[in-house]
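Atoms within each ligand, like the ligands themselves, are counted from 1 in listed order. All residue numbers in this chain count up from 1 along the given sequence.
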Amino acid sequence: MVHVHRFALANAQVTVFPAAAELFAAAADEFLRIIIESLAQRSTVSIALSGGSTPRSIYSLIAERAKTIPQGGGEDGRIDWRKVHLFFGDERCVPPDDKDSNYRMVRESLLSNSGLGAARVHRVKAELAPEEAARQYEEDLRQHFGAGMPAFDLILLGLGPDGHTASLFPNTAALGVADRFVVANEVPQQKSTRITFTFPVLNNAKEVLFLVSGEEKSSALCHALIARDVPAARVQPLRRLLWFVDAAASAELMRQKGA
Ligand code: 6PG
């Protein structure tokens, strides 16, 4: 039995895992739980995946577990992957086979050689000019969700050392966008432009799960959950806000929280 430390903070439920491996396993469980629960009630489930390096291990774990999950519509733990729609919270402006592509990372870790082959993947066409890529991706969202705001069942997010999430970086224009679902965001600190969901989409999700691992995130985590002065602090979804963090990432938070 893994000993975890769980507490409420900043409208979130924070769970501290002893090490990254336990965090990854719990995240994979939550991902599959939401799919099974959603498909037991509705005909589709919509999830937005996080990019970066932390999720890669989680996606590999999900892919492994998916191989043993019977096909079906959500009853008794079965999953019909054709009903699972996978989106991306953000994407780098590179072709899909580029080493920096979040799609490539997801294809390699989650989609290839796994039971998720039948899942409906909504790729950002990031090989296009940024504004056109953002426009087409937003159109895909509108097609999928119909009128009104996109309502994801789950959005997975990471946390950058500067407190960014998705590609909502400090001091960038996307932070202030309220009338678009997706924008091409110029990120000078990355010397690049990125395609990203805006806060209205993130905050209209039923559940957001942040995945934070490693000592290099400890300062950003305090800014996100205590000072609340970084972009990640502005993510406040409709129902559940979960932070899965490992002990290395949460050491400073526990000190500041006086735990
Ligand atoms: C990306 C992500 C980005 C990421 C954070 C944390 O495209 O890189 O959307 O927001 O989640 O930078 O990245 P790591 O998990 O690799 O530390």
Side-chain angles (χ1 to χ4, degrees), residues 17 19-21 23-24 26-28 31 47-62 86-96 98-110 121-127 130 133-134 137 152 154-172 174-175 181-199 201-203 205 208-225 230-235 237 241-246 248-250:
F17 295 88
L23 187 165
F24 297 161
F31 180 93
I47 296 177
L49 301 173
S50 173
S53 56
T54 301
R56 181 186 283 268
S57 303
I58 297 166
Y59 298 156
S60 300
L61 208 47
I62 293 168
L86 300 175
F87 290 78
F88 293 78
D90 73 325
E91 184 58 280
R92 292 82 181 279
C93 291
V94 294
D98 187 287
K99 64 177 175 49
D100 290 335
S101 165
N102 286 333
Y103 169 77
R104 173 175 165 178
M105 182 271 289
V106 166
R107 191 191 65 222
E108 290 171 347
S109 58
L110 183 63
V121 179
H122 299 257
R123 184 177 73 83
V124 182
K125 295 175 183 154
E127 63 276 20
Y137 191 45
F152 282 93
L154 172 65
I155 297 182
L156 297 177
L157 290 174
L159 177 71
D162 60 357
H164 81 262
T165 193
S167 284
L168 298 166
F169 284 79
N171 310 309
T172 59
L175 298 182
F181 301 158
V182 179
V183 293
N185 190 29
E186 198 174 323
V187 185
Q189 51 269 56
Q190 297 281 328
K191 298 185 177 59
S192 68
T193 298
R194 300 251 189 115
I195 309 300
T196 186
F197 281 171
T198 56
F199 282 118
V201 173
L202 300 182
N203 291 340
V208 167
L209 171 57
F210 276 94
L211 308 162
V212 187
S213 170
E215 194 274 330
E216 71 280 7
K217 303 295 176 72
S218 57
S219 170
L221 193 62
C222 292
H223 281 280
L225 290 174
V230 293
R234 289 178 52 187
V235 177
L241 176 55
L242 302 180
W243 287 76
F244 283 7
V245 303
D246 64 12
S250 62

Next on the checklist: For the aromatic rings, using the six-membered ring if either is Trp, is the centroid distance between F244 and F210 under 6.0 Å?
Outcome noted: no
Item to check | Proximal candidate to atom 12 (O) of ligand 1 [heavy atom criterion; set H164, R56, E91] | outcome: H164
Checklist entry - Would you say the side-chain atoms of N185 and T172 include a donor-acceptor pair closer than 3.5 Å? => result yes
Taking [atom] as the reference point, the nearest protein heavy atom with its distance:
atom: atom 11 (O) of ligand 1; answer: G158 CA, 3.3 Å
atom: atom 6 (C) of ligand 1; answer: L159 O, 3.5 Å
atom: atom 8 (O) of ligand 1; answer: R92 NH2, 2.7 Å
atom: atom 9 (O) of ligand 1; answer: D90 OD1, 2.7 Å
atom: atom 17 (O) of ligand 1; answer: K217 NZ, 2.6 Å
atom: atom 10 (O) of ligand 1; answer: A166 O, 2.6 Å
atom: atom 15 (O) of ligand 1; answer: T54 OG1, 2.6 Å

Numbering as shown, the atoms of ligand 1 that approach [X] to under 4.0 Å (heavy-atom distance):
X: S50; answer: 11 (O)
X: R194; answer: 1 (C), 7 (O), 8 (O)
X: S53; answer: 14 (P), 15 (O), 16 (O)
X: G52; answer: 1 (C), 2 (C), 7 (O), 8 (O), 16 (O)

Let me check something: any side-chain donor-acceptor pairs from residues 154-168 under 3.5 Å, sequence neighbours excluded? List them with distances.
from	atom 1	to	atom 2	distance (Å)
D162	OD1	H164	N	2.9
D162	OD1	H164	ND1	2.6
T165	OG1	G158	O	2.7
S167	OG	D90	OD2	2.5
S167	OG	R194	NH1	3.1

Checklist entry - Backbone N or O of K125 within a donor-acceptor pair of the E91 side chain at under 3.5 Å? => result no
Checklist entry - Can you check whether V124's main-chain N or O pairs, donor with acceptor, with N102's side chain at less than 3.5 Å? => result no
Item to check | Atom CD of E108 with >12 non-hydrogen neighbours under 6.0 angstrom | outcome: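 Buried by this count: over 12 neighbours within 6.0 Å.
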Checklist entry - Which word best sums up how the rings of F87 and H122 line up, parallel for under 30°, tilted for 30 to 60°, or perpendicular for over 60°? => result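 It falls in the parallel class, under 30°.
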Next on the checklist: Counting C-beta onward and ignoring hydrogens, is there a side-chain heavy-atom pair between V201 and F152 closer than 4.5 Å?
Outcome noted: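 Contact flag for V201/F152 side chains = yes.
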Next on the checklist: Are V121 and Y103 packed together at the side-chain level, in the sense that at least one heavy-atom pair is separated by less than 4.5 angstrom?
Outcome noted: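 Counting from C-beta outward, V121 and Y103 do come under 4.5 Å.
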Checklist entry - Hey, is S167 one of the residues with a heavy atom under 4.0 angstrom from ligand 1? => result no
